[in-house]
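Contents: one structure, followed by commentary.
To find a chain, count down the sequence lines: A is the first, B the second, and so on, and within it residues start at 1. What you are looking at is a predicted structure, and each value in this text was computed from that prediction instead of being measured.
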Amino acid sequence: MKELVKKKLGEAFLECRKEGILQSKNMPEFAVEVPRNRGHGDLAANLAMLLAKQEKKPPKEIAKALISRLTHDRNIVEKTEIAGPGFINFYLKSNVWHNVLKDIEKAGASYGASDIGKGEKIMVEFVSANPTGPLHIGHGRGAAVGDAVANILGFAGYSVEKEYYINDVGNQMQNLGKSVYIRYLQLLKQDIVFPDDLYRGDYIFDIAKEVILKHGKRFLDADEDEAVTFLTGFASKHILNGIAGDLEAFGVHFENWFSEKELFDNGEVGESIEHFKKKGLFYDKDNALWFQSTSFGDDKDRVIVKDNGNTTYFASDIAYHMNKFKRGFKKVIDIWGADHHGYVPRIRSVLKALELPEDALHVILVQLVSLLRDGHPVAMSTRSGEFVTLKEVIDEVGKDAARFIFLTRRSDAQLDFDLGVAKKQSDENPVYYVQYAHARICSIISFAEEKGLDLPAFSAIKTEQLSTPEETGLIKKLSQFPWVVEGSARTCEPHRIATYLLELVGQFHSYYNKHRVITDQQDLSSARLYLMNSIKTVLKNGLSLLGVSSPQKM
RNA sequence: GCGCCUGUAGCUCAGUUGGAUAGAGCAACGGACUUCUAAUCCGUAGGCCGGGGGUUCGAAUCCCUCCAGGCGCGCCA
């Protein structure tokens, strides 16, 4: 619809130019938008205002000229007007809107889907927490955002894969192994102090206990290095299983679990270093190997191989990102905690050095989550192991509420997550506001069935029955859904969908209280019932993009 | 010191990549269930969009500057 109006205005512009009324050679890139205010028609264009300057004419005069040359279909456009500083407002015939209902019926579960991705391969990499401990609430936010972004991109026509990158090499892993080793010895009655810099969480004890259960006392006399190596593998596998389980409980499923260790084992880290060396982008200094990242927009050059011969984390990450593109992904989305934001220019410099387009990488920074309980901060200390895990949060407040809270806010703003509020099944918790609408509609539909009124097909309803301002408003709102999904996909901002759903549902509840769906007039009831079902479809589609369930009953 | 993010109603947040009179929800106050789910609705009140400059027909949105909060600035991961 917007495109059509845009095209028609473009034609009017050309016509004006031909007649010599307008002089501008190029038509400016103008917008056709749904006005915020209902009194401003159904669509509004700002073309005249944009032309005002170069034409040196008042925008209203230009608008007048444009409108007079506008050839529009009387079956679509009811009327046009010039308003405000020079907007051209379009009022559309109500049957135009009614067609939306047909679209929804036809598309069903894929209403809102599009093909802007054109099947392009795109990867969303998220969570990727070190397997050194259970996931906490911050990871949960990343998980919710990543999963929703992946869903939305898939809906927008991309071929999406979700991937978890496992940092299973390095000091942190060693420390994990050591932590388990010491707890193991302690459990077997050896008197050893637990060093400060290791992982103190209770889960380490649990792992140590399992080691005893499965392997008995055989590490008591074994060589420490060997024992730690084994326990590192044992513990990370154990923790990773836990992480995968927690994510499943959160409704997040990854296609790929990608191991950093494998990048080393199959030689890709070495290969990528060779590749950069050959291009002359690495240099030696102070016994280390450096990447000239400042030539590609970073503020410092970065070490790739340390003077002790070990590679840095950055070295793996170069290899990993090269690997992503080697696998044929045209676009890669990385979702990181905002505390890693300093890392962005570094990784961007890699892509630049590889001569990949700027938009091949999109980094979403997910801001910090502060956990509260009834307004008071919950102490979170990873060191001491005193923290609330994601699993505990899911168990306490539920998957749907947790996800919705994460997804109603922009991810680049800090977030207070209040367990007390999240748990409450009340007005303070908007997830239920949306879900309740879905359940309510289900209830109306089954009530209608009891009365012998089945859900009609579009062809069977009399659309002119849907004539109240509330009904027209609802239909217009439904028509915006595909556009909202597109915007959400384009910007990788899932919260736009959450916001939309809240608005839609607000209109629905209001309508419900004002009008009865099931009346004693059959045509009216039938048309309204149909409208309700259209809302239900959109709600379900929207909620499922967010990974939130659509209950039949509440 | 440098860089990134944030600052919008008492609270939590939207604001469609510069548009018309800045919007929701919660909390507060006043109303609405013999009628399809009151986890709902209706109404009232609440604002120098952090401050100040600039850009233009037009700024919460873009630029500069200052203030406040958060996070980064490792041969850690």
Any donor-acceptor pair under 3.5 Å linking the side chain of Arg141(A) with the backbone of Gln367(A)?
yes

Ile518(A) has its side chain closest, among C41(B), C36(B), U12(B), to C36(B)

Side chains of Gln292(A) and Ser295(A): donor-acceptor distance under 3.5 Å anywhere?
yes

In terms of relative ring orientation, are Phe276(A) and Phe282(A) parallel, tilted or perpendicular, with 30° and 60° separating the classes?
parallel

Taking atom P in both C73(B) and G19(B), what distance in whole Å separates the two?
37 Å

So, the side chain of His341(A) versus the backbone of Ala338(A): is there a donor-acceptor pair under 3.5 Å, distance only?
yes

Looking at every strand, decide which applies to Tyr500(A) at a 4.0 Å heavy-atom threshold: base, sugar-phosphate, or nothing.
nothing

Quick one: which of C36(B), A14(B), C75(B) gets closest to the side chain of Ser443(A)?
C36(B)

Does Glu486(A) reach a base, just sugar-phosphate, or nothing at all? Heavy atoms under 4.0 Å.
nothing

Suppose you measure atom P in U21(B) against the same atom in G25(B); what distance do you get, rounded to whole Å?
23 Å

To the nearest angstrom, the OH-P distance between Tyr512(A) and C41(B) comes to 12 Å

Test applied, salt bridge (charged side-chain N to carboxylate O under 4.0 Å, His left out); reference residue, Glu470(A); option that passes from Lys476(A), Arg528(A), Lys514(A)
Lys514(A)

Does this structure show an ion pair linking Glu163(A) with Lys324(A), if we count only N-O contacts that are shorter than 4.0 Å?
no

When the P atoms of C4(B) and C64(B) are compared, how many Å lie between them, rounded to an integer?
10 Å

Base, sugar-phosphate, or nothing: which does Val431(A) touch, judged by heavy atoms less than 4.0 Å apart?
nothing

Between P of C36(B) and CG of Leu455(A), the distance in whole Å
20 Å

Nearest whole angstrom, please: distance from the P of A77(B) to the CD1 of Ile318(A).
13 Å

Measure CG/Asp339(A) against C1'/A77(B) and give the value in whole Å, please.
11 Å

His509(A) side-chain proximity, nearest of G7(B), C41(B), C73(B):
C41(B)

Using a 4.0 Å heavy-atom cut-off across all strands, classify Asp286(A) as base, sugar-phosphate, or nothing.
base

Toss me the dot-bracket line for RNA chain B: Watson-Crick and G-U wobble, both under 3.5 Å, 5' to 3', using | for pairs to another strand and [ ] for crossers.
(((((((..((((.....[...)))).(((((.......))))).....(((((..]....))))))))))))....

Assess the pair Phe258(A) and Tyr164(A): is the distance between their ring centroids shorter than 6.0 Å?
no

Measure from the side chain of His341(A), starting at C-beta and using heavy atoms only, and say which of A39(B), G72(B), A14(B) lies closest.
G72(B)

Rounded C1' spacing from A9(B) to G50(B) in Å:
15 Å

Which of C75(B), C36(B), G7(B) is nearest the side chain of Arg410(A)? It is G7(B)

Just to be sure I understand the rule, does Ala437(A) reach a base, reach only the sugar-phosphate, or reach nothing, if contact means heavy atoms closer than 4.0 Å?
nothing

Taking the cut-offs as 6.0 angstrom to the six-membered ring centre and 45 degrees off its axis, would you call Arg440(A) and Tyr512(A) a cation-pi pair?
yes

Look at Tyr436(A) and A39(B) and indicate whether a side-chain polar atom (N or O) is within less than 4.0 Å of OP1 or OP2.
yes

When the P atoms of G58(B) and A20(B) are considered, how many whole Å apart are they?
14 Å

Residue Ile444(A), side-chain atoms from C-beta onward, closest of C36(B), U6(B), G72(B)
C36(B)

Just how far, in rounded Å, is C1' of G74(B) from CG of Asn308(A)?
14 Å

Could you check Lys285(A) against Tyr511(A) and say which one's nearest nucleotide on RNA chain B is further toward the 5' end?
Tyr511(A)

Roughly, in whole Å, what's the span from NE2 in His340(A) to C1' in G3(B)?
17 Å

Which is true for Arg409(A) with a 4.0 Å heavy-atom rule: it touches a base, it touches only sugar-phosphate, or it touches nothing?
sugar-phosphate

So what does His515(A) touch, heavy atoms closer than 4.0 Å: a base, only the sugar-phosphate, or nothing?
base

Whole-angstrom distance between G30(B) and C5(B), as gauged at atom C1':
42 Å

Give a yes or no on whether the backbone of Gly542(A) and the side-chain of Tyr500(A) come within a donor-acceptor separation of less than 3.5 Å.
no

More than 12 heavy atoms of other residues, nucleotides or ligands under 6.0 Å from NZ of Lys64(A): yes or no?
no

Nearest whole angstrom, please: distance from the P of C13(B) to the CG of Asp412(A).
12 Å

Output a table of nitrogen or oxygen pairs between the protein and nucleotides 16-20 of chain B separated by less than 3.5 Å.
residue	atom	partner	partner atom	Å
U17(B)	OP1	Arg490(A)	NH2	3.1
G19(B)	N7	Asn46(A)	ND2	3.3
A20(B)	N6	Asn89(A)	OD1	2.8
A20(B)	N1	Asn89(A)	OD1	3.3
A20(B)	N1	Asn89(A)	ND2	3.1

Side-chain atoms of Lys306(A) come closest, of C36(B), C75(B), C4(B), to C75(B)

Using a 3.5 Å distance criterion without hydrogens, assess whether the side chain of Ser510(A) forms a donor-acceptor pair with backbone atoms of Gly506(A).
no

Contacts of Ala448(A) and Tyr313(A) projected onto RNA chain B by closest heavy atom; the upstream (5') one is Ala448(A)

Using the P atom on both, measure C33(B) against C42(B) and round to a whole Å.
15 Å

Give one of base, sugar-phosphate or nothing for Ser510(A), where a contact means two heavy atoms less than 4.0 Å apart.
sugar-phosphate

Please give the distance between the C1' atoms of G51(B) and G43(B) as a whole number of Å.
36 Å

Which of these nucleotides, A38(B), U6(B), G74(B), is closest to any side-chain atom of Lys300(A)?
G74(B)

Syn or anti for C33(B), given that syn means the glycosidic angle lies within 90° of 0?
syn

Between the side chain of Gln435(A) and the main-chain N/O of Ser549(A), is any donor-acceptor distance below 3.5 Å?
yes

What is the separation between atom CZ on Phe447(A) and atom C1' on C36(B), rounded to the nearest whole Å?
5 Å

Could you tell me whether Lys79(A) sits above the aromatic face of Tyr91(A), with NZ or CZ closer than 6.0 angstrom to the six-membered ring centre and within 45 degrees of the axis?
yes

Over all strands shown, is Ala338(A) touching base, sugar-phosphate only, or nothing at heavy-atom distances under 4.0 angstrom?
sugar-phosphate

Nucleotide nearest His495(A) (side chain, heavy atoms from C-beta), chosen from A77(B), A14(B), U40(B)
A14(B)

